[in-house]
A.B. asks: 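Next up is a structure, given as structure tokens.
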Amino acid sequence: MPLQIYDTFSNEKKLFEPIDPSNVRMYVCGPTVYDFPHVGNARPVIVFDLLFRLLRRIYGNDNVTYVRNITDVDDKIITAASENNEDIKSLTERTIKFFHDDADYIGALKPTFEPKATDYINDMIDIISSLIEKDYAYVSEDNVLFSASKFSKYGQLSGKNLEEMIAGSRVEVESFKRSSSDFVLWKPSKSSEPGWDSPWGKGRPGWHIECSAMSEKLLGKNFDIHGGGQDLIFPHHENEIAQSECANNEKFANFWLHNGFVNVEGNKMSKSEGNFVTVNQLKQKYQGEVIRLAMISTHYRQPLNWTENNLIECKKTLDKWYQLISENNFSFDNEKISSEVINALEDDLNTPKAISVLHQLYKDCKSNDRNTVETFLSSANFLGMLMHTSSEWLSWGKEKLSIDEKQIELLISERKSARDNGNFDKADKIRNDLEHKGILLEDNEGKTTWRFK
RNA sequence: GGCCACGUGGCGGAAUGGUUACGCAGAGGACUGCAAAUCCUUGUAUACCGGUUCGAUUCCGGUCGUGGCCUCCA
């Protein structure tokens, strides 16, 4: 089945055809590094990781270039740094490390390139200069602004039209803008703020220009896929198109992909609402694969309601799956990945369907051979799950235990003799006491094993 | 106010112009001293009103509801 993906620009599911099958190019907007990533930030990391995996499978591991940028210059960073009383560099470097830890934790492969905005300031200045030269941009009070009305396609990605936007504008037009829809390419920096020398004085880039610069530098003027969260459609991606296409006279990205939001109690999870859960907080209670499964159990374009219940359910599923592979040393085999799983993903990343195939494969494993189990395992691995051994999985969180293993073994044998003597009250008390400490005892085929709750 | 998306069982969540996947929970059973885990069986749903059609949950129109964007956001 050929790969089909939903393109936001044309609002339809389309057959994906790469510009160059020997170098399929994808750019995804990454984090602005000023704080711990929350679950909403993690969604595109996982969604586009899956697309990356799928593209690599279809076109070959060496034939896909995945760029996920890091925004390390931004007003929020400046504000956060001054609130923490630390310098910007130390804030961004620390936050990048948090981000990498979290991305690893949820099983995301490393992108091919992870450019930082501050390394591309000169490229941004070049684009801005060319936009001024072509009269798409103008200088006003030390700012450089893009004149949205000069780009006839402005609004096409987000389905807006300029006049309505200007009419419905809810924010006051800043004095240096000719029109409310014009946006900043370059702005002046105060002496306390980070700044770079430019033809328009010491300043820093506007938010959108970095992606135009970095994508062009690393992927070329025209590339295959540009992705990010739905909240970036407008204005961020709309503005990127305007800048890049006006500067280059060439089509920017061929496909636009946007993931839906993560909701909490029906409302969008966001930093400004304060209703967020960070990946770092979840690490205390759940393995990364639990977060990953919870994330991909909803189709990427649908809103995803984040609940504890869902996490518990996903953990149970993974516990069950890990039990199946505990018996032998099953191994991953690229050739054994279920074609049904691939088909599901090739249909606009239908992960819920892919998961239902895993459930079916799990059932098939019962009555079948090693080969079936390896198909199950390989398929799960392809989705970034069952990457650990069963014992690693089951002993997860051991260090947080308030009781040591020898003691548990001791209690198990105490319980055994109680049971042998028919003293079930005592036996049950031992089991219950351990359960209160988060240890579950399981009696199977005459043997008692334990695991974490 | 403008634009857009969505509304499937108790919950999560796919799909489809003609028997509505799958998972969790629930119920019943096997196993167990009792549980747990596992296995087997199983009930339950397409917001509302019209239209098109032999047939609509699916297509079209309207109503209601929810959410998003229009301002920083993944």
Side-chain angles (χ1 to χ4, degrees), chain A residues 8 11 28-32 34-35 37-48 68 71 74-76 79 155 158-161 163-172 180-181 183 207 227-236 238 258-263 265-273 276 293-294 296-305 307 309-317 319-320 323-324 344 347 350-360 362-363 366-367 418-420 422-425 427-428 431-432 435 440-446 448-451 453:
Chain A
T8 311
N11 269 314
V28 175
C29 291
T32 301
Y34 67 103
D35 202 357
H38 61 66
V39 174
N41 304 124
R43 194 173 189 189
V45 173
I46 291 175
V47 166
F48 291 102
R68 186 184 61 209
T71 300
D74 169 272
D75 287 354
K76 287 192 297 295
T79 309
S158 53
K160 299 177 186 304
N161 85 54
E163 281 122 63
E164 277 172 4
M165 269 163 53
I166 293 167
S169 178
R170 297 184 320 201
V171 281
E172 222 170 293
S180 65
S181 52
F183 58 90
W207 173 33
Q230 265 167 9
D231 46 0
L232 298 181
I233 295 172
F234 190 91
H236 186 53
E238 193 72 69
H258 293 98
N259 63 273
F261 298 128
V262 174
N263 290 159
E265 316 261 342
N267 295 308
K268 179 184 166 188
M269 180 184 288
S270 74
K271 293 238 164 110
S272 48
E273 295 295 320
F276 59 91
L293 180 57
I296 66 176
S297 62
T298 298
H299 183 85
Y300 77 95
R301 283 192 285 115
Q302 294 296 118
L304 166 59
N305 206 27
T307 62
N309 236 4
N310 191 225
L311 286 167
I312 292 168
E313 193 177 306
C314 290
K315 183 178 183 308
K316 273 166 77 169
T317 299
D319 282 345
K320 186 170 82 174
Q323 262 181 359
L324 178 77
D347 182 12
N350 192 339
T351 49
K353 195 167 186 181
I355 292 165
S356 81
V357 175
L358 287 185
H359 283 298
Q360 185 57 52
Y362 170 83
K363 272 189 196 161
K366 298 274 144 51
S367 49
R419 290 174 74 203
D420 290 345
N423 189 351
F424 296 118
D425 284 347
D428 289 350
R431 186 173 64 197
N432 290 337
E435 192 179 340
L440 287 181
L441 294 191
E442 290 173 352
D443 301 329
N444 274 315
E445 290 161 20
T448 300
T449 54
W450 64 273
R451 66 183 176 93
K453 208 171 172 176

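Just so we're clear, the structure is a prediction, and the values are computed from it rather than from any experiment.
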A.B. asks: Once salt bridge (charged side-chain N to carboxylate O under 4.0 Å, His left out) is applied, do any residues pair with D420(A), and if so which ones, sequence neighbours excluded?
C.D. replies: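 Once residues adjacent in sequence are excluded, the partners of D420(A) under the salt bridge (charged side-chain N to carboxylate O under 4.0 Å, His left out) criterion are K416(A).
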A.B. asks: Counting only side-chain nitrogens and oxygens, does K271(A) get under 4.0 Å of the OP1 or OP2 atom of A74(B)?
C.D. replies: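 Indeed not, no polar side-chain atom of K271(A) lies that close.
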A.B. asks: What does H258(A) touch in the nucleic acid at a heavy-atom separation under 4.0 angstrom: a base, only the sugar-phosphate, or nothing?
C.D. replies: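 Contact class for H258(A): none.
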A.B. asks: What dot-bracket string describes RNA chain B from 5' to 3', counting Watson-Crick and G-U wobble pairs whose defining distances are under 3.5 Å, with [ ] for crossing pairs and | for pairs to another strand?
C.D. replies: (((((((..(((.....[...))).(((((.......)))))....(((((..]....))))))))))))....
A.B. asks: For E313(A), which residues count as a side-chain contact (heavy atoms from CB on, under 4.5 Å) partner, sequence neighbours excluded?
C.D. replies: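 Result, side-chain contact (heavy atoms from CB on, under 4.5 Å) vs E313(A): none returned.
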A.B. asks: Looking at the side chain of R451(A), which of G2(B), A14(B), A37(B) is the nearest nucleotide?
C.D. replies: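 Closest nucleotide among those given: A37(B).
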A.B. asks: Checking all strands, does G260(A) fall into the base, sugar-phosphate, or nothing category for heavy-atom contacts under 4.0 angstrom?
C.D. replies: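 Here G260(A) touches the bases of the nucleic acid.
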A.B. asks: Check if the side chain of D428(A) and the base of G33(B) share a donor-acceptor pair of N or O atoms closer than 3.5 Å.
C.D. replies: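 Pair found.
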A.B. asks: Can you give me every donor-acceptor pair (side chain of residues 352-359 of chain A, partner residue at least two apart or in another chain, under 3.5 Å) with its distance?
C.D. replies:
residue: S356(A); atom: OG; partner: K353(A); partner atom: O; Å: 2.8

A.B. asks: Need one value for N444(A): base, sugar-phosphate or nothing, where a base atom within 4.0 Å counts as base even if backbone is also close, heavy atoms only.
C.D. replies: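 N444(A): base contact, heavy atoms under 4.0 Å.
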A.B. asks: If the condition is side-chain contact (heavy atoms from CB on, under 4.5 Å), which residues does T71(A) pass it with, not counting sequence neighbours?
C.D. replies: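 Expected list: T32(A), N69(A), D74(A), E210(A).
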A.B. asks: Quiz question: going by heavy-atom distance under 3.5 Å, is there a donor-acceptor pair between the base of C6(B) and the side chain of R301(A)?
C.D. replies: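 In this structure, the two groups form no donor-acceptor pair.
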A.B. asks: Touch check for G228(A), heavy atoms < 4.0 angstrom, all strands: base, sugar-phosphate only, or nothing?
C.D. replies: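 Sugar-phosphate: the residue G228(A), judged by heavy atoms under 4.0 Å, touches backbone atoms but no base.
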A.B. asks: Can you sort out the partners of D75(A) under side-chain contact (heavy atoms from CB on, under 4.5 Å), two or more places apart, ordered by chain and number?
C.D. replies: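 D75(A): side-chain contact (heavy atoms from CB on, under 4.5 Å) contacts with I78(A), K187(A), R204(A).
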A.B. asks: If you compare every side-chain N and O of S356(A) against the phosphate oxygens of A21(B) (OP1, OP2), does one of them come in below 4.0 Å?
C.D. replies: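 Answer is no, no contact under 4.0 Å.
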A.B. asks: Report which part of the nucleic acid N350(A) touches: base, sugar-phosphate, or nothing (heavy-atom distance under 4.0 Å, all strands).
C.D. replies: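 Sugar-phosphate contact only - N350(A) comes under 4.0 Å of backbone atoms but never of a base.
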